[in-house]
Amino acid sequence: MGFILAAAGSAVGLGNVWRFPYVTGENGGGAFLLIYLGIVFSIGVSVLVAELIIGRSTQLDPAGAFRKLAGGAWPIVGYMSILTAFVILSFYCVIAGWTVAYMIKSITGSVLTANPEDIGGVFDAFITDPLEPVLYTALFIGLTVFVALGGVASGIERAARILMPALFVILLVLVARSVTLDGAVEGIAFFLEPDFSKVTWETLLAALGQAFFSLSLGMGAMITYGSYMQRHDDIAGSALAVTVLDALVAVLSGLVILPAVFAFGAAPTAGPGLTFITLPSIFAQMPFGFLFAALFFFLLAIAALTSAVALLEVVIAYFMDEGSANRKKVAVTAGIATFALAVPASLSLGVMSGFTIGGKVLFDALDYLTNNITLPLGGLLVALFLGWVLKHRGEEEFVDGSTLAPALVGAWRFIIRYVAPVAILLILINGLGFI
Ligand code: PHE
C-alpha cells in the first residue's frame, strides 16, 4: 500500500491537471482522449511494469540497474533518464511555482475578481514578469529539496494519504460545477465525441508523450521507485492501480477544464495557460469561490510536490548509488542546478522570448525535447530491454509476488516484445516528421 501511494504520488501531478487538458485541447478533443486511454492501458501500463521490474530486481538507480542486468551500452539508457529527469524538473518547478502563486493570489483576490476576459490578461502579466514567477519557482524548488532531504519524507507521505483523496473530491465538485455552466455542452461534446478526421501522426506522438509523462515513464522515476520495493512486492497489481488512478484524475481534469473553456468562450488551443485561465473563471462563479480556489491550488501544489520529489529522487539515487555521495550534498547541488535551468525557462515566456531554439522559446523546447523525444525513446528502450534482453528473467520477475500476474503474463509479453516497440518506433519516426 505504501508503495502504491508513493508511485501514485509520482504519477498524479501537474501532468494530469495542467498538461493533459491543454494537450487534449490542442489535439482536437475526443479522438485524442480515446487514443490516449488506448496507449495508457496497453503500452503505458506495460512499460510501467517493465520499469518496476528493472528497479525491484536490482534495487539500484537506473544507470546501475542497466549495468547490473546487462552491461554493454545499456547504462546509457540510464544516463539519458537521469538527464531527462533533471530537464523535466526544471520546467515542472516553474509551473508548480505558478500553482503556489495562484493559491496565494486566490486569497488576496487578485486572480479571481477579474471578469473572465481579464483573467487571461492577469495570467499573462504574471508569467511574463521577470521576477515574481522566478521567486515562486525558487520557493518550490526549495520545498522539493527540503522534502527530499528525508526529514519530512515520511511526513509528506502521510499527508498525501489525506490530501490526494481530497484533491479527488474537489475535482468531482469542480466537474459538477463546470458541466452545468451555460454553454458547457459544447465542451463536453468536444472532449467526449471523437472526431478522427483530426488525427495525425503528431496527434499520436502527443498522446504517447503525454502518457509517458503522466505515468512518470521513460526517464527512470519508476525504475528508481521500483528499487525501493521489497523483493516480492506485487508489481502487476501496483502498476494497474497507479495507471487507473492516474487516468481517472486526467479524465476528471479534462471534464473540469474543457467544458469551462467553451462556456467562457476561451479557445481550447490556448496552450499551457489553459488551466490557469479557466479555473479562476470557474471559481469566480462559485459561492466561496476564493476558498475553493485556495484549497484546490494548495492540493495541486502538494500533488506537484510529490511528483517533483520523484524527479529529484532519480538524480539523487544516481549520485548516491554510483558515487556514494551523501544525500544532503546531492539534493542541494541538484536543487541549485535545477534553479539555474528553471530561471531561463521561466524568463523565456517573457523577457527572453526573443531567444528561440528551432522556433520554440526555451520553455517549449525543453517540454518538446523531453515529452516528444526522450520519454518515448526511453520507453522504447525499456520495452526492448525487457522483451529481448531479459526475456524469461523478466517474466519470472513479473509473476513473482503477484496473484494477478500469471493471467496477464502472456498479454504483457506480447505488448512489450512487439506492440510497444513497433508502435513507439512508428509514432516517433512519423510524428517527428522523418517520413
Ligand atoms: N507524472 C508527473 C505528472 O503527471 C510528472 C512526472 C514525470 C513525475 C516524470 C515524475 C517523473 O505530473
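When a ligand or atom number is given, it counts from 1 through the structure's own listing order.
Proximity to Ala221 (heavy-atom distance under 4.0 Å) selects the following atoms of ligand 1: 11 (C). Atoms of ligand 1 found under 4.0 Å from any heavy atom of Ser10 (numbered from 1 in listed order, with element): 1 (N), 2 (C), 8 (C), 10 (C). Every atom of ligand 1 with a heavy atom of Ser214 under 4.0 Å away is listed here by number and element: 1 (N), 4 (O). When each atom of ligand 1 is checked for a heavy atom of Gly15 under 4.0 Å away, the hits are 3 (C), 4 (O), 12 (O).
Between Ala310 and ligand 1, no pair of N/O atoms sits closer than 3.5 Å. The shortest N/O to N/O separation between Leu14 and ligand 1 falls below 3.5 Å.
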Asp61 vs Ser227, side chain to side chain contact (heavy atoms under 4.5 Å, CB included): CA-CA, chis, key distance, verdict: CA-CA 7 Å; Asp61 71 284; Ser227 76; over 6 Å; no
Ser346/Thr137 under side-chain hydrogen bond (donor to acceptor under 3.5 Å, both in side chains): CA gap, chis, key distance, verdict: CA-CA 9 Å; Ser346 178; Thr137 302; 4.9 Å; no
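Side-chain atoms of Thr203 and Thr200 form a donor-acceptor pair, as typed in the model, at a separation below 3.5 Å.
Put simply, OG on Ser238 and CD1 on Ile4 are 4.5 Å apart, with the number rounded to the nearest 0.5 Å.
At the shortest separation from atom 7 (C) of ligand 1 among protein heavy atoms lies Phe213 O, 3.4 Å. The protein non-hydrogen atom at the shortest distance from atom 12 (O) of ligand 1 is Tyr92 OH, 2.5 Å. Atom 11 (C) of ligand 1 has its closest protein heavy atom at Leu311 CD2, 3.3 Å.
Applying side-chain contact (heavy atoms from CB on, under 4.5 Å) to Met219 and the options Leu83, Leu311, Ile82 leaves one that passes, Leu311. Between Trp98 and the choices Trp18, Phe297, Tyr92, Phe123, the ring-ring contact (aromatic ring centres under 6.0 Å, His included) rule is met once, by Phe123.
One option in Ala11, Ser216, Ala96, Ser307 has a heavy atom closer to atom 4 (O) of ligand 1 than any other, and that option is Ala11.
A parallel orientation is assigned to the rings of Phe32 and Tyr36, their planes being inclined by less than 30° (bins at 30° and 60°).
When all heavy atoms of Arg417 and Trp388 are compared, the closest pair comes out as O-NE1, 3.1 Å.
Trp18 does not count as a contact of ligand 1, since none of its heavy atoms falls under 4.0 Å from the ligand. Using a 4.0 angstrom heavy-atom cutoff, Ile88 does not count as in contact with ligand 1.
Within the cation-pi definition used here (under 6.0 Å to the ring centroid, within 45° of the axis), Lys360 qualifies as a partner of Tyr368.
Contacts between Met219 and ligand 1, counted as non-hydrogen atom pairs separated by less than 4.0 Å, involve the side chain only.
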